[in-house]
Amino acid sequence: MNRAWFILWALVVYQVAAWAFAPQKPAEPARPTDGPGYGSNEAIFVHGRASTRHEATLAFERPYGSRCAGEGRRQFISSVSGYYTRRQNETERYPETFGKPGADYIAKQWSTGEDKRIERLTQEAYAQGYLQPSDFDDLARKAVEAIVRSERVTVRSCAS
C-alpha cells in the first residue's frame, strides 16, 4: 500500500513541476478590427476630446504675463501638455487597436477647426518664446515638435 501512495505522490509532484516550469506561450497581441474605427464607448472619448480642447483654449486665453513664471506658467504648460498628450496618445493607439479605419477616424477627430486654432496658437506661443518642446513630457513633446517644426523663435518673452 505504501508503494502505491508513493507512486501517486510522485506523479502529482511531477505534474505540478511540469506545469510550474513549462514555458508559457506568449499572449497574442490584439488584432486590429475592420470595424468603424472606434469602440463602443467612443461617446465618452468624444466628450473628453471636447473638454481637453476647451482647457487648451482657456490656457491660450490667459494673460501673457502669467505664462512665464509661477503657478500661471505651470497651469499654462499643464493645459497645453494635456491637450497634446491626449492627441498624440490617441493618434498612436487608435491605429494599433482599430487598424486603418481607426487611423482615419482619429485623424479626422483631431483635425477640427478648433484643433487648427490650437495649433496656430501653439506656433505663435513658441515663436514668441512662451513655450518650447522641452517643457513637455515625451508624448506631448512629439506632437508639439511636429506642430512647431517650421517655426522659429522670434522673441524671447520668458527670458530672464
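All heavy atoms count here, side chains included; hydrogens, waters and symmetry mates do not.
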Holding to salt bridge (charged side-chain N to carboxylate O under 4.0 Å, His left out), I want the full list of residues that pass it with Glu114, two or more places apart in sequence or in another chain.
none

Pick from Gln88, Glu119, Glu90: which one makes a side chain to side chain donor-acceptor pair (under 3.5 Å) with Trp110?
Glu90

Closer than 4.0 angstrom, basic N to acidic O: yes or no for Arg149 and Glu145?
no

Rounded to the nearest 0.5 Å, what separation is found between the CZ atom of Phe136 and the OG atom of Ser78?
10.0 Å

Provide the closest heavy-atom pair for Val148 versus Pro133 in the form atom of the first, atom of the second, distance.
CG2-CG, 4.2 Å

Count I, L, V, M, F, W, Y as connected when their side-chain heavy atoms are under 4.5 Å apart, and connections chain through other members. Are Leu58 and Val144 then in the same cluster?
no

Is the closest basic N to carboxylate O distance between Lys142 and Asp138 below 4.0 Å?
no

Check for a donor-acceptor pair, side chain of Arg67 on one end and backbone N or O of Leu131 on the other, with a separation under 3.5 Å.
no

Is a salt bridge present between Arg93 and Glu96, judged by a nitrogen-to-oxygen distance below 4.0 Å?
yes

Crowded around Ile44 CD1? As in, over 12 foreign heavy atoms under 6.0 Å?
no

For Gln109 and Thr112, the nearest pair of non-hydrogen atoms, with its separation, is O-CG2, 3.6 Å

Nearest heavy-atom contact between Tyr105 and Gly37 is CD2-O, 3.7 Å

Taking the side chain as everything from C-beta on, heavy atoms only, tell me whether Val12 gets closer than 4.5 Å to Gln15.
no

CD1/Ile118 to CZ/Arg87 distance, rounded to the nearest 0.5 angstrom?
8.0 Å

Kindly indicate, with the supporting measurements, whether the criterion salt bridge (Lys or Arg N to Asp or Glu O under 4.0 Å) is fulfilled by Asp104 and Lys108.
CA-CA 6 Å; Asp104 295 343; Lys108 184 177 178 184; over 6 Å; no

Same hydrophobic cluster for Val46 and Tyr38, using side-chain heavy-atom links shorter than 4.5 Å among ILVMFWY?
yes

Gly82 versus Thr52, closest heavy-atom pair with distance:
O-CG2, 3.8 Å

For Ala125 against Phe76, the heavy-atom pair lying closest together
CB-CZ, 4.3 Å

Other ILVMFWY residues reachable from Leu11 by side-chain steps of under 4.5 Å:
Ile7

Short side-chain donor-acceptor distance under 3.5 Å, Thr122 and Tyr84:
yes

When you measure from the side chain of Ser157 to the backbone N and O of Gly129, does any donor-acceptor pair fall under 3.5 Å?
no

Any chance you could lay out the side chain to side chain donor-acceptor pair (under 3.5 Å) test for Glu71 and Gln75, step after step, and finish with the verdict?
CA-CA 6 Å; Glu71 182 64 17; Gln75 289 176 354; 3.2 Å; yes

Find out if a path of hydrophobic residues (ILVMFWY) with successive side-chain heavy-atom gaps under 4.5 Å connects Leu139 to Ile77.
no

Just wondering, do Tyr126 and Ile147 contact through their side chains at under 4.5 Å, heavy atoms?
no

To the nearest 0.5 Å, atom CD of Gln123 lies from atom OG of Ser150 at 6.0 Å

Measure the CG-OH distance between Asp135 and Tyr130 for me, rounded to the nearest 0.5 Å.
14.0 Å

Who are the ring-ring contact (aromatic ring centres under 6.0 Å, His included) partners of Tyr94, not counting sequence neighbours?
Phe98

Do Phe45 and Ile106 share a hydrophobic cluster (ILVMFWY, side-chain heavy atoms under 4.5 Å, transitive)?
yes

Roughly how far, to the nearest 0.5 Å, is the CG atom of Asp137 from the OG1 atom of Thr85?
4.0 Å

Gln128 side, atom CD; Cys158 side, atom SG - distance, nearest 0.5 Å:
10.0 Å

Closest approach of Ala59 to Ser79 (non-hydrogen atoms, all atoms of both residues):
CB-CB, 3.5 Å

